[in-house]
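The block underneath contains the structure these notes are about, expressed in structure tokens.
Start at 1 and go down the list; that is how both ligands and their atoms are numbered. Hydrogens, waters and symmetry mates play no part in the numbers below; they use all other heavy atoms, side chains included.
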Amino acid sequence: MSGFADLEVQVKNFHEYGYLVLPGFLPAGLVGRLAPEVDEWVSTGLRQLSIDACLCPQEYDPPARVELQMDAHGELAAYAPLLELLSDASLLGSSFVFHHLHSDRRPPGGGGKSWHHDYEQHPQRDREYPMIHALHYIHGLQPAMGALAVLPGSHQHVAEKDAWNHLGTTELPGEVLIDELPQGSTVVLHSALFHTRRAAPAPLRGGGPRYMIDASYCRTGTLWPPVKPYWRMVLAVGRERRLGKGHWPELFADRHFDEYGRTSTGMPS
Ligand SMILES: O=C(O)CCC(=O)C(=O)O
Ligand SMILES: [Fe+2]
């Protein structure tokens, strides 16, 4: 991975390239509080319960806890420097809503994820309203952990999320590889940007667990498909905890979403 341009230049080019790389964006104190929460979320099975409740809502009740109830995770979802950045006219603009957040820790040597994008629209038809994913690499990235690769500009191409799955995690001409970041780094993607996670090399070559928390946000003005059957409960936690501190009135507002199941299917990614 080579160096990345100044934030200002990256923001100016976001429309064209569809991503920003923000090394060391999160303060050490917040990173230090997030990691044990991720550990608990994964180790106690809460993460799996939340996945089961999305994949099979007929069989599983909504989880007793959601990520935003954890102190540092809630703080991260409404981290002021991130929200200020998103409010730039080149990104989401001044009015946007939280969509969902996932927290994960992958073991050393973990598998890859084929080329895909994560823009929620069923069926895919345009890119009029931007949606953004912030991928937070809590302990940074090293080549041995498994890289992220993105294809600049691919967010302008209207396609289903899995349209490039057949490519697996193969290297594509023009891709940008992001494989080395310090702890507390964030990669901001236009959600329609195609990206892939490469498999981590054998665990013996080091790398440690790979922590990633991803949070997504959408410009308001259209109805977005929810991806979790219990999406109202998640937004209610954001409102009850006053995570936006009153500065972002639409951040956890239900009214920007369609009914679950009307246009949405399956598991958020
Ligand atoms: O693990 C990563 O770096 C990216 C994962 C991803 O693209 C996803 O979960 O949708
Ligand atoms: Fe993704």
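Taking 2.8 Å as the criterion, His195 counts as a coordinating residue of the Fe ion (ligand 2), since one of its N, O or S atoms falls below it.
By the criterion of a heavy-atom distance under 4.0 Å, neither the backbone nor the side chain of His102 is placed next to ligand 1. Only side-chain heavy atoms of His116 come within less than 4.0 Å of ligand 1; its backbone N, CA, C and O stay farther off.
The NE2 atom of His116 and the OD2 atom of Asp118 meet at the Fe ion (ligand 2) at an angle of about 110°, given to 10°.
Listed by atom number, the atoms of ligand 1 under 4.0 Å from Asp118 heavy atoms are 10 (O).
Listed by chain and residue number, nothing satisfies the ring pair (Phe, Tyr, Trp, His ring centres under 6.0 Å) test with His73 (two or more places apart in sequence, or in another chain).
No heavy atom of His133 sits closer than 4.0 Å to any atom of ligand 1. Look at Arg210 and you'll find a heavy atom under 4.0 Å from some atom of ligand 1.
Here His139 and Tyr211 bring their ring centres to under 6.0 angstrom of each other.
In summary, of the residues considered (His116, Glu175, His133, His117), a side-chain hydrogen bond (donor to acceptor under 3.5 Å, both in side chains) with His195 occurs for His116 alone.
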Practice prompt. Apply side-chain contact (heavy atoms from CB on, under 4.5 Å) to the pair Lys113 and Thr196, showing each step before the final yes or no.
Written response: CA-CA 6 Å; Lys113 182 165 181 172; Thr196 183; 5.5 Å; no
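Met70 and Val42 fall into different hydrophobic clusters, defined by Ile, Leu, Val, Met, Phe, Trp and Tyr side-chain heavy atoms under 4.5 Å apart, directly or through other members.
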